[in-house]
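Notes for the one structure printed next.
Worth saying up front: this structure is predicted, and the values here are computed from it rather than measured.
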Amino acid sequence: MISWKNFDTLTSYQELKNIEAIDLAKEMSGDNGADRIRNYSVSMGEGLNFNYGARPVSEEILSALANLAKEAQLAEKFEALYNGAVINTGEKRLVLHHLTRGQLGSDVVAEGINKRAFYMEQQAKAKDFANKVHAGEITNAAGEKFTTVVQIGIGGSDLGPRAMYLALENWAKVNNTHKMRAEFISNVDPDDAAAVLSKIDVAHSIFVLVSKSGTTLETLTNESFVKDALAKAGLDASKHMVAVTSETSPLAKSDDYLAAFFMDDYIGGRYSSTSAVGGVVLSLAFGPEVFEAFLKGANTADELAKNANPLENAAMLDALIGVYERNILGYPSTAVLPYSQALSRFPAHLQQLDMESNGKSVNRDGEPVCYATGPVIFGEPGTNGQHSFYQLLHQGTDIVPLQFVGFKNSQMGEDVLIQGSTSQQKLCANVAAQIIAFACGKADENRNKNFEGGRPSSIIIGEQLTPESLGALLAHFENKVMFQGFVWNLNSFDQEGVQLGKVLAKRVLAHETDGALKVLSDLLNI
């Protein structure tokens, strides 16, 4: 039987507190460090490996973390989730994003509907629509093919799909699967929509409006912006727009759209890249087969996440080490550092995924917790970040755990040999050097040049960033966040913290303000 308990009431929490922390700089020096890098690694599937040799763990700590995984029933809770338990206690909902990419357990039926069949039906609709667009069976009013797809959405309707598109754009071009250019409009700032519209040919563009409720203020405002631009160009907006929404939203059966693709309340926005939210735009941009390969990679990682042994389960192990760093060592943040330009927006997506999920100060029952929960997440691609915020990471007063991502091979295959090495080799050399520099440091009598070391990191190493490996990478972090939420006894699947600002913004626009809010409104000329 599953029980939900606060982290600080668990026996394994006290066990972890009583274990002496390792001297990471010492452990990572010499032959011992080489052995750690060789031996502390676990497969993530799709050619990816999670190497945690430079994280602050020992065999004793790993054993205690395995005890924590067992006591917190992480495997059992994941099994309950994918079999349709009401895990989202705040909104009394199932959590089913895993079902968009594969059947992990028994059939899940909600409101009389087989949910796996429902998600597959939407994928089939998106595939058929994309194929017809690519074949010229669905065209603009002049009978000409669409060449650009523009996604209109915010939050999870933008960050994930945008990050995935950018991650595969160059790969698709090299592999001749880049069907349509994709652009994204998210911010209610009019400069965002205006900038996108100014650089596309609206007559040959199809717009994907993404709003589960059909009432999202920013998204509907940007839809009106786009419709106005289409009207000014003498175009019928209903021939250029499709909707991704719920079956009960006002958009679902509107004549304003060429087609409607459905999602439901069981998939949160930040977990929706493998649903129709990501599926429509990615299928149009790259072809349905590429999106299917992306789903396959995600499902591979999901299957591995079912393993109850954390030493064979990369997502669970990553989560447990992260909890140890957060709650026992007291590290307040985590940096995600992909050494791949294609993953330039991946850290931004993970910011939402992690901080919206586990940025909570009450447990699943609404009771305050007395321990730290989700860390602050930030990051940029290497090597750019090295010339930006790595100064603080190396010598600042806070220790920030680092999660590197690197690939042995580039996506586009174009490179140049300079000073005895290629650009890709230089990129990989930098990430290898950073891991050791952070862990081992460098002693110097000049304190300004002294590096204490002892700064932990892990690295996910892959052969190449492909649709399959991208799917596995995404699912790894989704499952890591889920497991951490289980340990902390949080509801990782609601986001009440984003609602208050929306409510107050509506009051401002209705001129129903007083006090400081009214003064601020006046200062901003609202």
Side-chain angles (χ1 to χ4, degrees), residues 1-4 7 10 12 15-16 36 38-53 55 57-85 87 95-108 116 271 274 295-325 353-354 357-358 403 405 458-462 468-489 492-493:
M1 181 177 177
I2 290 176
S3 61
W4 299 90
F7 178 40
L10 302 180
S12 45
E15 180 185 4
L16 283 166
R36 287 177 67 94
R38 270 193 292 265
N39 298 325
Y40 280 9
S41 181
V42 58
S43 173
M44 296 167 53
E46 303 299 350
L48 298 173
N49 283 281
F50 172 64
N51 190 297
Y52 58 101
R55 296 287 279 276
V57 294
S58 61
E59 292 300 320
E60 184 180 13
I61 292 169
L62 289 171
S63 177
L65 291 175
N67 292 340
L68 172 58
K70 185 175 182 180
E71 186 180 6
Q73 300 177 293
L74 299 190
E76 292 88 342
K77 288 171 182 174
F78 183 32
E79 183 178 8
L81 181 150
Y82 62 68
N83 281 325
I87 297 295
V95 177
L96 301 181
H97 55 276
H98 298 90
L99 268 183
T100 63
R101 55 242 197 176
Q103 187 84 44
L104 294 179
S106 57
D107 286 344
V108 177
R116 172 63 179 159
Y271 296 95
T274 54
L295 296 179
K296 172 183 172 292
N299 180 247
T300 297
D302 290 341
E303 288 287 349
L304 291 173
K306 293 163 66 175
N307 195 319
N309 180 359
L311 296 182
E312 298 173 356
N313 182 336
M316 185 184 291
L317 182 60
D318 195 3
L320 290 165
I321 297 174
V323 167
Y324 175 72
E325 291 169 336
L353 172 66
D354 201 314
S357 294
N358 290 338
Q403 296 207 288
V405 180
S458 57
I459 181 169
I460 294 170
I461 301 175
E468 291 88 349
S469 62
L470 179 65
L473 187 67
L474 174 70
H476 170 87
F477 282 101
E478 289 181 347
N479 292 327
K480 172 197 169 186
V481 167
M482 172 191 70
F483 285 129
Q484 288 187 328
F486 289 163
V487 171
W488 288 320
N489 196 24
S492 300
F493 303 103

Indicate yes or no for a side-chain donor-acceptor contact from [X] to the backbone of [Y] under 3.5 Å, with no hydrogens or angles considered.
X      : Y      : result
Ser12  : Glu15  : no
Asn307 : Asn313 : no
Ser357 : Leu353 : yes
Arg36  : Gly53  : yes

Counterpart residues, ring-ring contact (aromatic ring centres under 6.0 Å, His included), relative to [X] (two or more places apart):
X      : result
Phe477 : Phe346
Phe78  : Tyr82, His98, Phe483
Phe493 : Tyr271
Phe50  : Tyr52, His476

Walk me through whether Leu16 and Val323 qualify under side-chain contact (heavy atoms from CB on, under 4.5 Å). CA-CA 11 Å; Leu16 283 166; Val323 167; 5.9 Å; no

Would you please test Tyr40 and Leu62 for side-chain contact (heavy atoms from CB on, under 4.5 Å) and show each step? CA-CA 11 Å; Tyr40 280 9; Leu62 289 171; 4.0 Å; yes

Considering all heavy atoms, the nearest [X]-[Y] contact:
X      : Y      : answer
Ser106 : Asn83  : N-OD1, 2.8 Å
Asp302 : Ala475 : OD1-CB, 3.6 Å
Gly45  : Leu304 : N-CD1, 3.6 Å
Ala301 : Asn479 : O-ND2, 4.2 Å
Thr274 : Ala298 : CG2-CB, 4.4 Å
Leu48  : Ser469 : CD1-O, 3.5 Å

Who are the side-chain contact (heavy atoms from CB on, under 4.5 Å) partners of [X], not counting sequence neighbours?
X     : result
Asn51 : Ile37, Ser41, Ile459
Ser43 : Asn49
Ala80 : Ile2, Ala85
Ser3  : Lys5, Gln73

Check whether any side-chain heavy atom of [X] lies under 4.5 Å from a side-chain heavy atom of [Y], and answer yes or no.
X      : Y      : value
Ile61  : Ile321 : no
Leu74  : Leu320 : yes
Leu311 : Val42  : no
Leu104 : Asn299 : yes
Phe486 : Leu81  : yes

Which residues pass the salt bridge (Lys or Arg N to Asp or Glu O under 4.0 Å) test with Arg116, not counting sequence neighbours?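 Listed in chain order: nothing, the list is empty.
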
Glu46: salt bridge (Lys or Arg N to Asp or Glu O under 4.0 Å) partners, not counting sequence neighbours: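 Glu46 satisfies salt bridge (Lys or Arg N to Asp or Glu O under 4.0 Å) with Lys296 only.
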
Tell me the salt bridge (charged side-chain N to carboxylate O under 4.0 Å, His left out) pairs involving residues 66-76, sequence neighbours left out?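 Of all non-adjacent pairs touching residues 66-76, none passes salt bridge (charged side-chain N to carboxylate O under 4.0 Å, His left out).
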
Residue pairs involving residues 303-321 (criterion salt bridge (charged side-chain N to carboxylate O under 4.0 Å, His left out); sequence neighbours excluded):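 Residue pairs with at least one partner in residues 303-321: Arg55-Asp318, Glu303-Lys306.
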
Spatial distance of atom NZ (Lys480) from atom CE (Met482) [nearest 0.5 Å]: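 So the NZ of Lys480 and the CE of Met482 are separated by 13.0 Å.
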
What's the separation between atom CG in Leu474 and atom NE2 in His97, rounded to the nearest 0.5 Å?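 These two atoms lie 8.5 Å from each other.
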
